Amino acid sequence: MKKTLVILIPSIIVAIIVFFLVQSLLLTGKDKGALQVTASPQSKVYLNNKYIGQTPLCRCNSDEMVATGDYTIRVVPNTGTFNEFQEKITIGKSILTVVDRKFGNGATSEGSIITLEPLKDGAKPQLLITSIPDKAEVLLDNSSSGFTPLFLQNLTDSDHELILRKSGYTDKKVRIRTPNGYKLIATVFLGIDEGGIPSPTPTPSASPSATPTPVVSKIVILQTPTGFLRVRASNSVASTEVGRVTPGQIVDLITESEGWYHIKLESGVEGWISNQYAKKQTP
């Protein structure tokens, strides 16, 4: 019988995730791991498109753990008009993988995925931090440690506080515990700080003799978990894919609908993208 390392991260408002690590689950001999999902507001959870329950959810008991392997998890809010969250996760043997999501309008949503990876017995703890978007500053116990993606070694077997910050995004605070013999892997999704986005400068009125120049709104594509964003024929996730855009790409905005932008590519192709991973600009 082996003890399962359990990571507990309750969902909390104000962007603080408290991460507790305890050893209290017993394996029954099969290659399984545990999965915990928290979300605000309450959400439905799907694993490889199979419904597995409502948040808060914890497949922590030995008879309901998840077989090890790679999965696609979907977290779909029960209320509001928020976009669903979808990401790849890996369930490790005797490890609890934790997914937390706080939904907001458009790209203001935030969250994290935290898990462990075994090292050699007795090895000093390691920490791998990635973020979306990347190049976020990482403060470990209030000391600046670098920018994401960031790999740290020889940490102490103790509790730590992570703070990730990036201009234009809301600071994210995460409490973790790094145990000996494990690498803790934290993927953090930063939400755009709506209060930090400057209002567009009003366009001066043209003189009567001048020909007015039309202002064309632009959309800049943000970082995505997949490295690209699908362009669909209509504003529905079930709609046909007509193209793809990549982070940093700027395209014309035609119009917008709840949760969606209608855009035009340089090729002339028109379609719809989720506004969760895009931001409006003006030339």
Side-chain angles (χ1 to χ4, degrees), residues 4-25 32-66 68 70-92 94-117 127-132 159-164 169-179 182 184-192 225 276:
T4 299
L5 291 169
V6 178
I7 309 169
L8 176 60
I9 304 182
S11 174
I12 46 179
I13 305 174
V14 200
I16 300 177
I17 300 176
V18 180
F19 175 79
F20 294 102
L21 177 66
V22 294
Q23 295 180 303
S24 62
L25 296 179
K32 290 185 176 181
L35 172 66
Q36 177 177 308
V37 187
T38 53
S40 176
Q42 187 179 42
S43 305
K44 301 180 182 67
V45 181
Y46 298 83
L47 207 58
N48 283 355
N49 289 321
K50 180 181 178 182
Y51 175 73
I52 61 172
Q54 298 264 357
T55 60
L57 176 146
C58 192
R59 291 293 187 94
C60 302
N61 296 326
S62 58
D63 60 344
E64 60 181 8
M65 289 182 185
V66 182
T68 59
D70 297 327
Y71 295 88
T72 296
I73 189 169
R74 290 172 54 220
V75 184
V76 184
N78 291 343
T79 60
T81 56
F82 307 119
N83 292 327
E84 66 179 49
F85 173 69
Q86 179 174 304
E87 188 57 72
K88 297 286 186 180
I89 61 171
T90 298
I91 301 296
S94 305
I95 299 295
L96 175 60
T97 298
V98 176
V99 179
D100 181 84
R101 190 71 174 175
K102 179 183 177 184
F103 290 96
N105 294 320
T108 62
S109 295
E110 61 181 51
S112 62
I113 298 176
I114 299 181
T115 190
L116 295 173
E117 183 178 291
L127 176 60
L128 175 62
I129 310 164
T130 58
S131 68
I132 298 174
D159 296 324
H160 300 280
E161 181 182 79
L162 288 175
I163 298 177
L164 276 73
Y169 293 82
T170 303
D171 289 358
K172 184 73 175 176
K173 185 182 294 184
V174 181
R175 291 193 177 275
I176 61 172
R177 179 175 179 82
T178 51
Y182 286 87
L184 188 145
I185 303 171
T187 303
V188 179
F189 302 86
L190 299 177
I192 285 181
Q276 184 174 7

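These figures come from a predicted structure and were not determined experimentally.
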Checklist line | Summary of salt bridge (Lys or Arg N to Asp or Glu O under 4.0 Å) pairs that have at least one residue in residues 70-91, sequence neighbours excluded | finding: Arg74-Glu84

Margin query: Going by salt bridge (Lys or Arg N to Asp or Glu O under 4.0 Å), name the pairs with one or both residues in residues 46-58, residues two or more places apart or in two chains.
Written below: none

Notebook entry, point to check: Can a donor-acceptor pair be found between the side chains of Ser112 and Asp100 at a distance below 3.5 Å?
Noted result: no

Note to self: Which residues pass the side chain to side chain donor-acceptor pair (under 3.5 Å) test with Thr81, not counting sequence neighbours?
What the structure shows: Glu258

Flag side-chain contact, heavy atom, 4.5 Å: [X] against [Y]:
X: Thr72; Y: Asn49; answer: no
X: Arg175; Y: His160; answer: no
X: Val66; Y: Leu47; answer: yes

Checklist line | Test side-chain contact (heavy atoms from CB on, under 4.5 Å) applied to Ile113 and Ile89, step by step | finding: CA-CA 8 Å; Ile113 298 176; Ile89 61 171; 4.0 Å; yes

Can you tell me how far [atom2] of [Y] sits from [atom1] of [X], rounded to the nearest 0.5 angstrom?
X: Ile114; Y: Thr97; atom1: CD1; atom2: OG1; answer: 10.5 Å
X: Ile185; Y: Glu117; atom1: CD1; atom2: CD; answer: 4.5 Å
X: Lys102; Y: Thr38; atom1: NZ; atom2: OG1; answer: 12.5 Å
X: Tyr169; Y: Thr108; atom1: OH; atom2: OG1; answer: 12.0 Å
X: Ile91; Y: Leu96; atom1: CD1; atom2: CG; answer: 8.0 Å
X: Leu35; Y: Thr115; atom1: CG; atom2: OG1; answer: 9.5 Å

Checklist line | Gln42 side chain to Thr55 backbone, donor-acceptor under 3.5 Å | finding: yes

Next item on the list: Could you tell me whether the side chain of Ser43 and the main chain of Pro41 form a donor-acceptor pair under 3.5 Å?
Entry: yes

Considering non-hydrogen atoms only, spot the tightest contact between [X] and [Y] and give its length.
X: Thr68; Y: Gly92; value: CG2-C, 3.7 Å
X: Lys172; Y: Glu110; value: NZ-OE2, 3.0 Å
X: Thr79; Y: Phe82; value: O-CD1, 3.6 Å
X: Cys60; Y: Ala34; value: CA-CB, 4.0 Å
X: Thr170; Y: Ile192; value: OG1-O, 4.0 Å
X: Leu184; Y: Arg177; value: CD1-O, 3.5 Å

Notebook entry, point to check: Going through the distances and angles, do Ile73 and Gln86 end up as a side-chain contact (heavy atoms from CB on, under 4.5 Å)?
Noted result: CA-CA 6 Å; Ile73 189 169; Gln86 179 174 304; over 6 Å; no

Next item on the list: Report the C-alpha separation of Ile52 and Leu57 in whole Å, then their side-chain angles, then the decisive distance to 0.1 Å, and conclude whether the side-chain contact (heavy atoms from CB on, under 4.5 Å) test is met.
Entry: CA-CA 9 Å; Ile52 61 172; Leu57 176 146; 4.0 Å; yes

Next item on the list: Go through Val75 and Tyr46 one step at a time and tell me if the side-chain contact (heavy atoms from CB on, under 4.5 Å) criterion holds.
Entry: CA-CA 7 Å; Val75 184; Tyr46 298 83; over 6 Å; no

Checklist line | Check: Phe85 ring centre within less than 6.0 Å of Phe103 ring centre | finding: no

